[in-house]
Protein chains: 2
Amino acid sequence: MKKVGLKDIAEHVGVSIALVSYVLNGQAEIKQVSKENAEKIKKAAELLNYRPNQIAKSLKMHKTHTIGLVVADINYRYSTGITRAIEAEAKKKNYTVLFGSSNENEETFAELVDVLINRQVDGLILVPVENSQEQIRMLQKAEIPFVLIDRNFPEIKTNHIALDNYKAAYTATEYLIKQGHKRIAFVNYKTTLFHLQERDRGYLDALKNGNIDFNADWLQEVNSNNRTADIQQSLDVILNLSEPCDAVFFATDTLSINGLKYLNQLKTKIPGEISVLSFDESEAFELFYCPVTHLRQPVEAMGKAAVDTLLELINHYKISKQVSLMSDLVVGQSCRE
Amino acid sequence: MKKVGLKDIAEHVGVSIALVSYVLNGQAEIKQVSKENAEKIKKAAELLNYRPNQIAKSLKMHKTHTIGLVVADINYRYSTGITRAIEAEAKKKNYTVLFGSSNENEETFAELVDVLINRQVDGLILVPVENSQEQIRMLQKAEIPFVLIDRNFPEIKTNHIALDNYKAAYTATEYLIKQGHKRIAFVNYKTTLFHLQERDRGYLDALKNGNIDFNADWLQEVNSNNRTADIQQSLDVILNLSEPCDAVFFATDTLSINGLKYLNQLKTKIPGEISVLSFDESEAFELFYCPVTHLRQPVEAMGKAAVDTLLELINHYKISKQVSLMSDLVVGQSCRE
DNA sequence: TCCCTTGCTTTAATCGTTTAAAGTAATAAC
DNA sequence: GTTATTACTTTAAACGATTAAAGCAAGGGA
């Protein structure tokens, strides 16, 4: 079964290709196609099971109705959430999503962006990886519409959608203080990523405003390529201080999962011996013996905002938009009351 | 910054477009392009930062170097695993993956397949949903290269890659019997999907060959759109039989997670009061108080097999390939020793 | 001198669409 | 009875690449 094109329909009906195109694009009225022909053309298209060749259309129209999405790691819960949200929103707007996962790797990220551009995506939604500033600047110079999501670089002015990480971390820490915790640890990645540093800042400010004297041992930094061991070491430190911590706040879900696994191993009782609070949610929390109190990101809203912003950019509204969203604190039973 | 095309390079160097095309496609030798020009052209391409327009190329070549992937639900652990595997393998072969999630919905599935075909993907890798037989037959009639993965319809002869579900369920059940269990329940979805029915068959045959008299109450069927409640009811049944079950085998990870949550709620001790075995793994198992014994699917091998098979089909080798893979039994501590 | 290679380059058709612009009857206006 | 208008329809040039086929010098052989 060979592909049927406009030509086939035109021949079948006995009119020109142009007429067929007009009718099938809903321009029958404006181009004053006779009702008779319009009818015949529609029937023939149906009969021959015509599928427009989007490739040809894209070439002519300089629009592919495709947006490219690069997430940091498809294995993150955040990634599947945001992918789903973006896909759903894009579909509503009649766009297709081409997507890839950089696995937090700079080269892979650059490659993916390249592939997507070569495929003529109309725009990009990106979760940038560490040290991808040059790549981002390149996109700006090339005037390719894009919006950053989840993360951004404060030194580069971009359109981006992100959580108010400072406030989120602040709120969570404040919550722990209100619950009566006096020695709150924070486990974060050692990173140059702004959004994670903001979480540090929120944590520290909340302590200060809560009149808690910060002890440098409380802020533990984990190296992402030595995660498991580093987390264990971090927890060993905060549990064995002369005054051990009574709460630990993990800066991401991956940190939480690893941390909780180790705490399980140590048979540390939660929240009896230590309270636990996590940034981001995880499917794994569902089966933990006590529901983990965590910050939930509004992925649907983020996805929608990202797609909306990108489409505005694509449609040549020269806009500058920085959307900052709030997280919800989902109270479980992993923090002392 | 406007897009640079072959024309721009040609003008810059002062040659024809054809020459540029030859050189940039590595046909310099065979087309006997002078070294001088070849050199100049390559330099100019670099200088102007030329990116070939894949759309135009695709239109001419009738090949997009894109494969379409439709998974059942991006939230399944299996989906992210297989997506990753397929992406990686496709990348090696220089193909891009366009993907979508049907959310187990028949219409969404059909729509996605349609969109992908309109985008002229070279072929499709599909996890078909229930009642999508017509859609599959349509693809065969249209001679569109595709391979089914994870699931297939025995009544339609297709190329497919799937687990040997019968053997996997058989092996797992046999394992439970060897561990001394006498009353083994199996919780599965109520479904017409062949691969899930095969799991039933494996379970039943293992019981028979293990000389265990099957009790109809042991095989519980859950309605997927009333999952939570149905699972609870199922567990209530098997736990409250005059002779309660001493093991429960869940047919999928989603069933396991829901089941374990309920067992947690009931404070049923695992494996003390009941042993648990799960098909598929889940991130959630990591934080369960005892590691869950489960069957692990070889997603990497499946992804590779799917891509390989599809590319063979695309390259006009008219093949018929049904790949059946084995799962591993990952022994945890959720089954009585 | 004429023709045939050889070595290199250009011309032009093509892929399947879109869409200005031009063409063509029939009807209306003067 | 011309000319204008209306109501359609077709022509043909794009879009940016690929690639047969044709073109064109310069050198070699007769």
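In this text, all values refer to a predicted model and were calculated from it rather than measured experimentally. Residue numbers start from 1 in every chain, and the chains themselves are labelled A, B, ... in the order their sequence lines are given, proteins ahead of strands.
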**Study point:** Whole-Å distance separating the NZ atom of B/K57 from the C1' atom of C/dG16
**Key:** 19 Å

Review point. Does A/N37 make a side-chain N or O approach to OP1 or OP2 of D/dT9 shorter than 4.0 Å?
Key: yes

Point to revise | Distance in angstrom units between A/R51 CZ and C/dT17 P, rounded | key: 13 Å

Practice item. Using only side-chain N and O atoms of B/S21, determine if any of them is under 4.0 Å from OP1 or OP2 of D/dA17. Key: no

Review point. Is it true that the side chains of A/T66 and A/R119 contain a donor and an acceptor less than 3.5 Å apart?
Key: no

Check your understanding: What residues form a ring pair (Phe, Tyr, Trp, His ring centres under 6.0 Å) with B/Y78, not counting sequence neighbours?
Key -> none

**Study point:** Sugar-phosphate, base or nothing in reach of B/K31, heavy atoms under 4.0 Å
**Key:** base

Study note, to complete from the structure: Winner on side-chain proximity to A/H62, out of C/dG16, D/dT11, D/dC15, is D/dC15

Study note, to complete from the structure: Closest to the 5' end of DNA chain D, once A/Q32 and A/I17 are matched to their nearest nucleotides, is A/Q32

Review point. Looking only at N and O atoms, is any donor in the side chain of B/K60 or the base of D/dT18 less than 3.5 Å from an acceptor on the other one?
Key: yes

**Study point:** Phosphate OP1/OP2 of D/dC15 contacted by B/N53 side-chain N/O (<4.0 Å)
**Key:** no

Check your understanding: What is the distance, rounded to the nearest whole Å, between atom CD of A/E36 and atom C1' of D/dA7?
Key -> 13 Å

Review point. Pick the nucleotide of DNA chain C nearest each of B/A56 and B/V15; which residue has the one closer to the 5' end?
Key: B/V15

Practice item. Please report, rounded to the nearest Å, how far the C1' atom of C/dT14 is from the CG atom of A/L59. Key: 12 Å

Check your understanding: In whole angstroms, how far is the C1' atom of C/dA12 from the CG atom of B/L19?
Key -> 16 Å

**Study point:** Short side-chain to backbone donor-acceptor contact, B/H195 and B/D150, under 3.5 Å
**Key:** no

Exercise for review: Check every atom of C/dT9, C/dT10, D/dG16 against the side chain of B/V33 and return the nucleotide holding the closest atom.
Suggested key: C/dT9

Check your understanding: Reckon B/I55 touches a base, only the sugar-phosphate, or nothing at all at heavy-atom distances under 4.0 Å?
Key -> nothing

Review point. Could you give the OH-to-C1' distance, from B/Y22 to D/dA20, as a whole number of Å?
Key: 7 Å

Review point. In whole Å, what is the span from the CG atom of A/D8 to the C1' atom of C/dT17?
Key: 13 Å

Review point. Are OP1 or OP2 of D/dC15 and a side-chain N or O of A/S58 less than 4.0 angstrom apart?
Key: no

Exercise for review: Rounded to the nearest angstrom, tell me the gap between atom CD in A/Q27 and atom P in C/dA20.
Suggested key: 8 Å

Check your understanding: Can A/T64 and A/Q120 be counted as having a side-chain donor-acceptor contact under 3.5 angstrom?
Key -> no

Practice item. Would you indicate which nucleotide in C/dG7, D/dA17, C/dT11 comes nearest to any side-chain atom of B/L6? Key: D/dA17

Which donor-acceptor pairs under 3.5 Å do the side chains of residues 30-47 of chain B make with protein atoms, sequence neighbours left out?
unit_1 : atom_1 : unit_2 : atom_2 : d
B/S34  : OG     : B/N37  : N      : 3.3
B/S34  : OG     : B/N37  : ND2    : 3.4

